[in-house]
Amino acid sequence: MELLQAFLTVTVVHLLAAASPGPDFVMVSQQSLVHGRRAGLLCSLGIALGLSVHIVYSSIGMASLMSQSSGLLWVIKYLAAAYLIYLGIKGLRSRAASSTSEAPGEVLRRPAWKLVSMGFLCNAINPKAPLYFLSVFSLVLTPDMPPLQLAALGLWMMLLQFGWFSSVALLLSWPAVKRRFLRIGHWVDRVLGMVMLGFGLRLLFSRTN
């Protein structure tokens, strides 16, 4: 497959995958609506960086190994479920901001590294990612593809991921949208926390194929 065709294929497939509802989308929405643009963008950066984990093992054939190792998949599954459940419970425990605060979501300014790591972990331990990336890479990889081109494809996927979720963060933190959520920010946190908890419980009790 020619390089340009490979980039076009990756662009279409990966944007469709990124746009589908999932834990990454819920996390960026939650952070953007409740804690503002900075939080949403930093989580988006962490999610994009989390892709590097999947890109590395997929490019060296580890995805195939993981797809055949039921034990390893179970470990990844339980780690991911535990993390999603933790995020869900944390959201459900969200409290209303002080009535004297003009910007409830920004009172407690979270460290950048913590927001980035939240996004990174949410994406990196996604148990569905190995087979997804194996599928994508099988579409575009050829035995004679130079490592530099492979690295460029991986970097492009990370940029696509960051671009999409950054757009989501900017839209949801737009003042016209954000003002509507200032008074109900803790309820947004609780609802999205319930969704995240649902993802975790569904993953915990689902079968690993």
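In this text, all values refer to a predicted model and were calculated from it rather than measured experimentally.
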Linked hydrophobic residues, L4 as query - side chain contacts closer than 4.5 Å:
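Other cluster members: L8.
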
For the hydrophobic clusters of this structure (ILVMFWY residues joined by side-chain heavy atoms under 4.5 Å, transitively), does one cluster hold both [X] and [Y]?
| X | Y | answer |
| --- | --- | --- |
| L15 | M158 | yes |
| V10 | L148 | no |
| W164 | L170 | no |
| L33 | F165 | yes |

Closest approach of [X] and [Y], non-hydrogen atoms and distance?
| X | Y | result |
| --- | --- | --- |
| P111 | R38 | C-NH2, 3.9 Å |
| L160 | T11 | CD1-CA, 3.6 Å |
| V28 | G40 | CG1-O, 4.2 Å |
| V168 | S29 | CG1-OG, 4.3 Å |

Scan residues 42-52 for pairs that pass side-chain hydrogen bond (donor to acceptor under 3.5 Å, both in side chains), counting only residues two or more places apart or in two chains.
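Every pair satisfying side-chain hydrogen bond (donor to acceptor under 3.5 Å, both in side chains) with a residue in residues 42-52: there are none.
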
Anything under 3.5 Å between a donor and an acceptor, one on a side chain of residues 116-124, the other on a protein residue two or more places apart or in another chain? List them.
{"from": "S117", "atom 1": "OG", "to": "W113", "atom 2": "O", "distance (Å)": "3.0"}
{"from": "S117", "atom 1": "OG", "to": "K114", "atom 2": "O", "distance (Å)": "2.8"}
{"from": "N123", "atom 1": "OD1", "to": "L51", "atom 2": "N", "distance (Å)": "3.4"}
{"from": "N123", "atom 1": "OD1", "to": "H54", "atom 2": "NE2", "distance (Å)": "3.4"}
{"from": "N123", "atom 1": "ND2", "to": "D24", "atom 2": "OD2", "distance (Å)": "2.9"}

Inter-residue atom distance [X].[atom1] - [Y].[atom2], 0.5 Å rounding:
| X | Y | atom1 | atom2 | value |
| --- | --- | --- | --- | --- |
| M27 | L115 | CE | CG | 9.5 Å |
| I85 | Y78 | CD1 | OH | 11.0 Å |
| W156 | Q161 | CH2 | CD | 13.0 Å |
| L150 | I55 | CG | CD1 | 9.0 Å |
| L171 | R37 | CG | CZ | 11.0 Å |
| L159 | H14 | CG | NE2 | 10.0 Å |

Are F162 and L49 packed together at the side-chain level, in the sense that at least one heavy-atom pair is separated by less than 4.5 angstrom?
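A side-chain contact under 4.5 Å is absent here.
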
